[in-house]
Structure formats: C-alpha cells, structure tokens
Student: 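To start, I am sharing the structure in question, which I have written as structure tokens.
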Amino acid sequence: GPVLAIDQGGTKLLCALVEEGHVLDQATLPTDREAGPEAWLDAATELAARWEGRYDRVGIAVTGRISDGLWSALNPGTLAIPAETPYAAMAEARLRRPVTLANDAQAAAWGEHLHGAGAGQDMIYLTISTGIGGGIVTGGRLLSGRGGLAGHAGQMKGLTPEKGPLEDRMSGRWIARAARETGHDTDARGVFSAARAGEGWAEEIVSTAAARAAALCTDLQMLIDPPRIVIGGGVGLAPGFLDRIRAALAALPAALRPELRAAKLSGGAGIIGIAELARA
Ligand code: ADP
Ligand code: BMX
C-alpha cells in the first residue's frame, strides 16, 4: 500500500503519499529554520493529516546525518539539528506507524536508481540545494556507511580544511551569501534570474558555483568512476546550471569526464526513494 513520505530539507518540507514509485499526492511548506525538531515534526504531521488512514508506513528523508534512528547536523548552517535527536522514535510516537529514517540525498540516490535517471546502474547522486548532499549506489546497494556519512560530498574539505566544507563555497546558501557580499539581497533563485537577465555580478556567482561543482564531480568520478552522476536539488536543477557544469567539463578526456544526468524525478527523488526504503 501507499507510504507517507516526508523530505525535510534546509529550505523546504515536502510530504507525499507515494505508491510504487508514483506520487499520488503531495504538499509542501517552507522549513521554519529556527523552530527545531518538534516543530518540524508538527509541520509534517499537519501536512500528512489529509492522508490519514491511507498509509501504514512512514519514510522520512532528512538533511543531516542519520545513525541508528538518531539525527544530527553535520553542517548546522544547512539546518541546526540538535545532536542525536531521536527522530525515528519521535515520529513513531506521533504518527503511530513504523518509521524508516534516512539522509535525504542517500534516499534520493535510491529513488533515482530505481525509478529515475540512475537506470538501475551504479551511480552517484549529488544534490545542490541549501547545502550539497550525495548518495552512492553500487552493486545494487545504497551505501550508508558505518555511521551514515557515505556520500556526503559537500562535507569534504579537500586541501583547504581551514576554509570549511566544500558546500559552503558552492551551495544555494553560498550563492545567496555571495550575492549579499556584492550588495544584492536575494536568494539563489534571484541570482539565477539576474544572471539570465545578463547582470554581470550574478553571472559571475553562477559560473563560479558551476565551476566548483564541476571540480567536485571530477573528484567523485576519480573515487568511484560511476557510469553516471545524477544531479538534483533546487540549484542543481535550476535552468542552465547543468549545462554550465557540462561546459566546464567539456575539455576533459572522455575517460575522466563524468557523464551527468539531471534527476528524472526532479524534486521528488527524496520522497520516492524514502518510500522505497520504508517498504523494504
Ligand atoms: P532543500 O534544500 O530544502 O531540500 P531545494 O532542493 O529546493 O530544497 O534547495 C533549496 C535551494 O535551492 C535554495 O538555496 C533555493 O534558493 C535554491 N533554488 C530553488 N529553486 C531554484 C531555482 N529555480 N533557481 C535557482 N535556485 C533555486
Ligand atoms: C548538508 C548536510 C547533508 C545533506 C545536504 C543536503 C546537514 C544538516 N546537512 O549540509 O546531510 O544531505 O546538506 O541537504 O548537515 P539539503 O537540505 O540542501 O537538501
């Protein structure tokens, strides 16, 4: 039967009723970033009320690290989750159904693998959104790792750990911050539309983010060498962004060049993936 699927991101909450890879109905709310886990669960419960009686399982995909049903932030700037929040137990008590909890990008990787651009092959999924998250599927298995870290590409620091995680230099939050630093008070969406309108400051920010995302993709290709890297997230799927990443990679020899695909489930990858994980 249908699964109640919840995707709690740093910017938005998406809830849906999902059956066998299909979204039957969905509803969304902006994330109240200051509110905390109880209030985020309140918001999800409120959205889910319209489907009461229609599901017997719940899947929750969240930004942040999941280990043994406990939820923690790696980057509190993406969302400030208190350390080791017992979210699976909290959600089970509230929704009175078995709850499966996983990282959002890992869940989305699984969704794209089964029903989207992953085409059932080995793949890396990269979401470029509030932060940057990732998921790895290899040999038909979704990797979660020892304690939930597997795929956290945005948390890598490369050779400049003092500058913080890579996502703080190319995510949606970075784009908004870079805009503020040039005197433009807008979010990533605003920066993309200014770039389309030909504004130089915005063009510069978008192309910097794309060049950095391209470098991250080449590193991931070296690590796993997957047949494809699937790109999702509000920034990743913004018009023109994938083409810019591809352009930045065009000069690479074919053996080193990542094969990039846009997430076929677009914003629904997380809810479809977590619904599948909850059914298993
Ligand atoms: P979440 O991080 O909550 O999962 P999203 O995947 O929608 O949510 O990512 C949110 C980020 O994507 C924000 O920084 C937002 O400004 C940006 N974003 C959303 N839509 C667009 C768009 N059409 N163009 C550019 N940026 C976008
Ligand atoms: C990261 C990290 C990841 C997450 C990724 C994308 C936290 C709170 N989140 O900073 O676990 O997968 O962001 O999350 O440490 P999104 O909200 O941008 O989709």
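All ligand and atom numbering here is 1-based and tracks the order in the structure. Computed from a prediction, not measured in an experiment: that's the story for all the values here.
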Student: Find out whether Tyr55 and Val18 are in side-chain contact, i.e. whether some heavy atom of one side chain is under 4.5 Å from a heavy atom of the other.
Tutor: no
Student: Measuring from atom 10 (O) of ligand 2, which candidate in Ile132, Thr78, Leu149 has the nearest non-hydrogen atom?
Tutor: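 Of the listed residues, Thr78 has the closest heavy atom.
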Student: Gly131 versus ligand 2: do any nitrogen or oxygen atoms come within less than 3.5 Å of each other?
Tutor: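 Yes; at least one N/O pair falls below 3.5 Å.
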Student: Counting from 1, what ligand 2 atoms have a heavy atom of Gly9 closer than 4.0 Å?
Tutor: 17 (O)
Student: As a check for students: among Ala153, Gly133, Ala80, identify the option with a heavy atom nearest to atom 6 (C) of ligand 2.
Tutor: Gly133
Student: Are Ile60 and Val99 packed together at the side-chain level, in the sense that at least one heavy-atom pair is separated by less than 4.5 angstrom?
Tutor: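 Yes, side chains in contact.
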Student: Short list, please: which atoms of ligand 2 are under 4.0 Å from a heavy atom of Ile81?
Tutor: 8 (C)
Student: Near Glu34 CD, under 6.0 Å, is it more than 12 heavy atoms from other residues, nucleotides or ligands?
Tutor: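 Atom CD in Glu34 is not packed in, count stays at 12 or less.
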Student: Tell me if the CZ atom of Arg141 is crowded by more than 12 foreign heavy atoms within 6.0 Å.
Tutor: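 No, because the 6.0 Å sphere around CZ of Arg141 holds 12 heavy atoms or fewer from other groups.
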Student: Should we say atom CD of Gln121 is surrounded by more than 12 heavy atoms from elsewhere, each under 6.0 Å from it?
Tutor: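 Yes, CD of Gln121 has more than 12 neighbouring heavy atoms, counting only those of other groups under 6.0 Å.
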Student: Distance to 0.1 Å, residue and atom name: give those for the protein heavy atom nearest to atom 1 (C) of ligand 2.
Tutor: Glu167 OE1, 3.1 Å
Student: With a cut-off of 4.0 Å, which atoms of ligand 2 are near a heavy atom of Ser129?
Tutor: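 Numbered from 1, ligand 2 contributes 16 (P), 18 (O), 19 (O).
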Student: Run the side chain to side chain donor-acceptor pair (under 3.5 Å) test on Thr63 and Gln8 for me, step by step, so that the C-alpha distance in whole Å, both residues' side-chain angles and the decisive distance to 0.1 Å come before the verdict.
Tutor: CA-CA 6 Å; Thr63 185; Gln8 178 64 69; over 6 Å; no
Student: Mark yes or no for whether Asp32, through its side chain, and Ala39, through its backbone, hold a donor-acceptor pair below 3.5 Å.
Tutor: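 The answer is no, because no donor-acceptor pair under 3.5 Å joins these two groups.
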Student: Same cluster for Tyr125 and Ile224 if Ile/Leu/Val/Met/Phe/Trp/Tyr side chains link at under 4.5 Å?
Tutor: no
Student: Give yes or no for whether the N/O distance cutoff of 3.5 Å, strictly under, is met between Gly10 and ligand 2.
Tutor: yes
Student: Would you say the side chain of Val137 lies within less than 4.5 Å of the side chain of Leu143, judging by non-hydrogen atoms?
Tutor: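 Not in contact.
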Student: Centre of Trp40's six-membered ring, under 6.0 Å away, within 45 degrees of the axis: is that where NZ or CZ of Arg33 sits?
Tutor: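 No, Arg33 and Trp40 do not form such a contact.
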Student: Indicate yes or no: does an N/O atom of Gly64 lie under 3.5 Å from an N/O atom of ligand 2?
Tutor: yes
Student: Taking the side chain from Arg173 and the backbone from Ser171, do they hold a donor-acceptor pair closer than 3.5 Å?
Tutor: no
Student: Compute the shortest N/O to N/O distance between Arg65 and ligand 2 and return yes if it is under 3.5 Å, no if not.
Tutor: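 It does not: no N or O of Arg65 is found under 3.5 Å from an N or O of ligand 2.
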Student: Below 4.0 angstrom from a heavy atom of Leu74, which ligand 2 atoms are there? Numbered from 1 as shown, please.
Tutor: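 Close to Leu74: 7 (C), 15 (O).
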Student: Find all protein N or O atoms under 3.5 angstrom from an N or O atom of ligand 1 and list the pairs with distances, or write 'none'.
Tutor:
| unit_1 | atom_1 | unit_2 | atom_2 | d |
| --- | --- | --- | --- | --- |
| ligand 1 | 2 (O) | Thr130 | N | 3.2 |
| ligand 1 | 2 (O) | Thr130 | OG1 | 2.4 |
| ligand 1 | 3 (O) | Gly10 | N | 3.3 |
| ligand 1 | 3 (O) | Thr11 | N | 2.8 |
| ligand 1 | 3 (O) | Lys12 | N | 2.8 |
| ligand 1 | 6 (O) | Gly234 | N | 2.9 |
| ligand 1 | 7 (O) | Lys12 | NZ | 3.2 |
| ligand 1 | 8 (O) | Lys12 | NZ | 3.4 |
| ligand 1 | 20 (N) | Arg189 | NH2 | 3.4 |

Student: Could you tell me whether the side chain of Arg97 and the main chain of Glu92 form a donor-acceptor pair under 3.5 Å?
Tutor: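 No; zero donor-acceptor contacts below 3.5 Å.
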Student: Which option wins on minimum heavy-atom distance to atom 12 (O) of ligand 2: Asp104, Leu126, Ile128, Thr63?
Tutor: Asp104
